[in-house]
Every structure is written in structure tokens, then in C-alpha cells.
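No hydrogens, no waters, no symmetry mates; every other heavy atom, side chains included, goes into these values.
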Amino acid sequence: MARRGTLLRDPARQGHPPLGASLSPRAPGRRVPFREYAASYFDSYRKKDGTKLCGRSKRIVKDALDKLMPHFGDMEVSRITKAEVDKWYATASKQYKPGAFEHACNTLKRVLTAASKPQDDDSPALLAANPCNFPTLRKPSARRNQTPLTKDEIDRLVTLFPEYYQLCIRLSLLVGGLRIGEICGLQLRDIDLDHGLLYVRHSVDRGPADLGSYQLADVKAPRSNRVVPIPASAVAMIREHIEKFCPDREPGTMLFHSIRDASKLLVPTTIQRQFRTARKKIGRPDITFHSLRSTHATMFMLEGGTLRETMDKLGHVDVDVAINCYQRIVPRHQREVAELLAYHYMSSDDPPPCAPKSTNENRNSPTSRTTSPNSGSGSRPVWRRTGHEVQQSSKPCSPQSRSGSGSPAGSRVFVQ
């Protein structure tokens, strides 16, 4: 008897199974069409957190596969060669828009990479090697070069929204970088104003197929279930919104609902439509509502939050996503840090250019010029950056002071 995993030498028992045989799409010896294999691959695909693809991701995959099926659909996976891939590539690159073409290329590469490895059911690979040897395209995202929204831009955005929707902007910016669906899914039971906590439990979505009417659904991923702090300055705004617009104070009452029908959910498209109108009026046509989330992530770290704390607040699992997709470069901050670094390493008694000038009005401010109490008169002050200001300290900035313990007066510390 042959051992499991070895090839049988009997010619009569080799070859393909008879028509109608009940075998998995990945069984050894099976002539598997690309259409069938791709469907099986994405059916069993799991994200890093173990969950299946959500409705929107499924739609994106389907759109990509629709561009592959005319050429590869009925072709056996084992017969897909580099020549066939190159033939499709040459035609598709001219036929589809850059973004759609990129998704199709990445999808093809993912499927054929899986086919070139041993299968989940212990059967051998269907391909000796992946014929997709073109580089994975990465179209630079314009959003990753966006500057975070300023206070002035936020204030103007808020005033351009109807009063009922104004809290949406503040919540996404200040409270955990909430996604638009998470904001629409908030219930009164999710808000603990006495302890300054907000529980993210639901999202408003179209469901697993990303079709049909909006419904109260689960959050995007298990890690998106989180508890985030509500800043003290935001508690009053939330309380005022509840008093004005939530006459029914039951735990299941929605914080936001359809204005025309209080029994219906507020759908994300309503806020997005308002946002598209407002962003043009403030001169930022490049931003989306999701830009509030990336602004929160960026500024939270600039104010002293650690990467781990930022990921926890936004519900991120992947460090690459947290850094490459949500962290923005702030030129002003880069300049301040460069000036402070040069000041600490260069022999100069002049304050760094980013330091505020001493005046009678700010003499008692934590940013006024001071010297170390342990040094003689005329000793060189030590400047550090806290929040959006530069202040002086009697000693260099230490990890202890960054964490909040022993931080100088006036520094901004976030405590979860």
C-alpha cells in the first residue's frame, strides 16, 4: 500500500477522475478552471484577524475578477503560462482605468500565488511557479500626502453643516477617529458621559453583500470593538445634542437618525453628501470624511500618543496600515523638530526659531525664557516641544516626562 502523499505507480489509477466525481476544487489531478479556483480561494480567504472579507471588500474583489474572467475564466489553472498573463496584461492595461487595472493585477497575482503552493487539503500545487512576474503595482495614493485638517478648517466645516449633523465632525476628529459607519451606528447605551467613555459596538452598513438597505451591523473587524475616551471638552457638546435631538432616552435610541423619519437610521451617504458640499467651500476638495480619522491619528501622535495607543484608539491590528495609511507628514512639525535637534547639538544661546518670543504678556507662560535652577546665571535654557508649542525646561526631555509623569506645566498629555 502506498504511503499517504506518495504517487501511485499504477497507470490505470493515474489521470483525471471520471466525470461527475465528487472532489474538492483543489483535489490532486483535477483540471480546475480559473473561475472555479478563484471562487474557492476567496470563499475560504481570511484576513489577519481571522474574519472573512466584508461586503465592500467582496465587491472590490468581484469587480477585479470580472476583468479577469473573459480571458482566464474557463482556462485550467495548470495551463496558465507567462505568455497568457502577458497577453492579458497588454490588453487590460489599455482597456481599464489605472485604479481598476491595479486591483485586477493584484487579484490575479494573489490567486496564482496560492495556486503555486501546496493546497489547504494537502494536495500538491497546481502550478510549478507563479507566471505573474510583473511587479505588484502600487499607485501612489494622493490621500497619503494630505495635510491634516487645521482647527480653522474644522471650525468652518462644522458651521457649514446643519446643526443636527455638526456633532458628527467633532466625534470623528476628537473621539477615537470614528469611521462614518461607526458614528451612524451609535446608540445612547454606547455613551457614558459620567466616566467620559464611548463604546464602539456597531456600524451602519449594507450587509455582507454590500447590497440592499442600510442596517445596524457589526463593526468592520473584531478589533474595531473598542472603548475610547471622550475629552472633557466634548462631553458638553454630546450632552447638548442628546437634549436637543434625542427626546426618547432609551438605551437603544440612536444618537443620530434620519431627520425625516426618527425610526430610520442615519445612513453614511447623507453625511458624505453634506461633506462633499462643505469641503469645496473651505478650499479642501482633496479631503473626505475619512480624512478626519487620519487627522485624529496623526495629531494624536504629535500630541504625545504612542503608536500602540493610536492603534488601540483606531482599532488597528496591522502596523503597516496604521503608519502608511493613517499617519500624515506635517511639514511644520518636521521643521520644529529639526530646529530643536540643531539647537541641542549646536553651540548657541539663541532660542530655536520655533520658540515663542518672551513678552510681558507671556512672562508667566510655560514657554517663557527660563534657565536651569542648578546652573549659574546666563546658563543655556533647554527647549522642548509640547503639543503645538515649544517650551523650555530645566532638563532635557525624558521618556518619563513624555509619558506624563513629571511633565512640565502646560504640556498636553492624553490619558486613556
Side-chain angles (χ1 to χ4, degrees), residues 47 49-59 158 161-275 289-290 292-293 296 312-317 416:
K47 295 185 288 187
D49 58 13
T51 59
K52 291 185 176 182
L53 294 175
C54 62
R56 180 175 178 274
S57 297
K58 286 182 178 178
R59 175 167 49 82
V158 170
F161 266 65
E163 184 183 10
Y164 181 70
Y165 299 122
Q166 290 179 355
L167 183 62
C168 296
I169 302 291
R170 300 291 188 187
L171 282 181
S172 183
L173 177 73
L174 302 175
V175 186
L178 297 179
R179 300 178 178 92
I180 191 168
E182 293 170 345
I183 287 176
C184 294
L186 286 173
Q187 298 174 307
L188 295 191
R189 63 162 57 93
D190 301 326
I191 303 170
D192 183 353
L193 295 180
D194 294 332
H195 298 91
L197 296 173
L198 185 143
Y199 295 79
V200 184
R201 299 184 174 109
H202 299 101
S203 181
V204 169
D205 204 348
R206 290 187 183 274
D210 198 37
L211 298 170
S213 59
Y214 282 93
Q215 55 188 286
L216 193 63
D218 292 332
V219 287
K220 183 177 181 181
R223 186 63 181 272
S224 296
N225 278 286
R226 59 198 191 277
V227 183
V228 295
I230 302 174
S233 57
V235 169
M237 290 189 297
I238 298 174
R239 198 183 300 277
E240 182 181 357
H241 175 92
I242 293 174
E243 290 176 355
K244 280 187 177 180
F245 304 110
C246 302
D248 182 3
R249 307 292 169 80
E250 296 298 321
T253 298
M254 304 303 297
L255 181 65
F256 301 100
H257 55 72
S258 170
I259 291 183
R260 295 181 179 179
D261 188 347
S263 65
K264 293 184 178 180
L265 297 170
L266 173 62
V267 298
T269 51
T270 300
I271 303 178
Q272 289 168 339
R273 186 166 54 251
Q274 295 280 351
F275 195 92
F289 192 91
H290 209 69
L292 298 170
R293 180 170 165 84
H296 176 90
D312 184 69
K313 285 198 71 182
L314 273 73
H316 285 149
V317 178
Q416 291 199 60

From [X] atom [atom1] to [Y] atom [atom2], the distance as rounded to the nearest 0.5 Å:
X	Y	atom1	atom2	result
Ile180	Ile271	CD1	CD1	4.5 Å
Leu265	Cys184	CG	SG	8.0 Å
Gln166	Glu163	CD	CD	6.0 Å
Glu243	Ile238	CD	CD1	12.5 Å
Tyr165	Arg273	OH	CZ	8.0 Å
Met254	Arg189	CE	CZ	9.5 Å

Which heavy atom of [X] sits nearest to which heavy atom of [Y], and what is that distance?
X	Y	answer
Asp205	Ala217	CB-CB, 4.2 Å
Glu250	Asp248	CG-OD1, 3.0 Å
Leu188	Arg249	CD1-CA, 3.8 Å

Exercise for review: Decide yes or no on side chain to side chain contact (heavy atoms under 4.5 Å, CB included) for Asp190 and Leu255, but give the supporting numbers first.
Suggested key: CA-CA 9 Å; Asp190 301 326; Leu255 181 65; over 6 Å; no
**Study point:** Exam field: side chain Ser203 to backbone Lys220, donor-acceptor pair closer than 3.5 Å
**Key:** no
Exercise for review: Measure from the side-chain N and O atoms of Arg226 to the backbone N and O of Ser224, and report whether any donor-acceptor pair falls under 3.5 Å.
Suggested key: yes
What pairs of donor and acceptor atoms, side-chain ones from residues 228-235 against any protein atom, are under 3.5 angstrom apart with sequence neighbours left out?
none

Exercise for review: Would you please name every residue forming a ring-ring contact (aromatic ring centres under 6.0 Å, His included) with His202, sequence neighbours left out?
Suggested key: none
Check your understanding: Counting heavy atoms not belonging to Asp218, are there more than 12 under 6.0 Å from its CG?
Key ->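 Atom CG in Asp218 is not crowded, with 12 or fewer foreign heavy atoms closer than 6.0 Å.
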Practice item. Evaluate side chain to side chain contact (heavy atoms under 4.5 Å, CB included) for Phe289 paired with Ile169, printing each intermediate quantity in order. Key: CA-CA 8 Å; Phe289 192 91; Ile169 302 291; 4.0 Å; yes
Practice item. Taking the side chain as every heavy atom from C-beta outward, state whether Leu186 and Leu171 have any atom pair closer than 4.5 Å. Key: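 Yes, close enough: below the 4.5 Å cut-off.
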Practice item. May I ask you to decide if the ring planes of Phe256 and His241 are parallel, tilted or perpendicular, using 30° and 60° as cut-offs? Key: tilted
Review point. Could you go step by step and tell me if Val204 and Leu266 meet the side chain to side chain contact (heavy atoms under 4.5 Å, CB included) rule?
Key: CA-CA 8 Å; Val204 169; Leu266 173 62; over 6 Å; no
Exercise for review: Start with the C-alpha distance between Leu167 and Met237, add both sets of side-chain angles, then the distance that settles side chain to side chain contact (heavy atoms under 4.5 Å, CB included), and finish with yes or no.
Suggested key: CA-CA 7 Å; Leu167 183 62; Met237 290 189 297; 4.2 Å; yes
Check your understanding: Do the ring centers of Tyr164 and His257 come within less than 6.0 Å of each other?
Key ->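 Yes, the ring centres sit under 6.0 Å apart.
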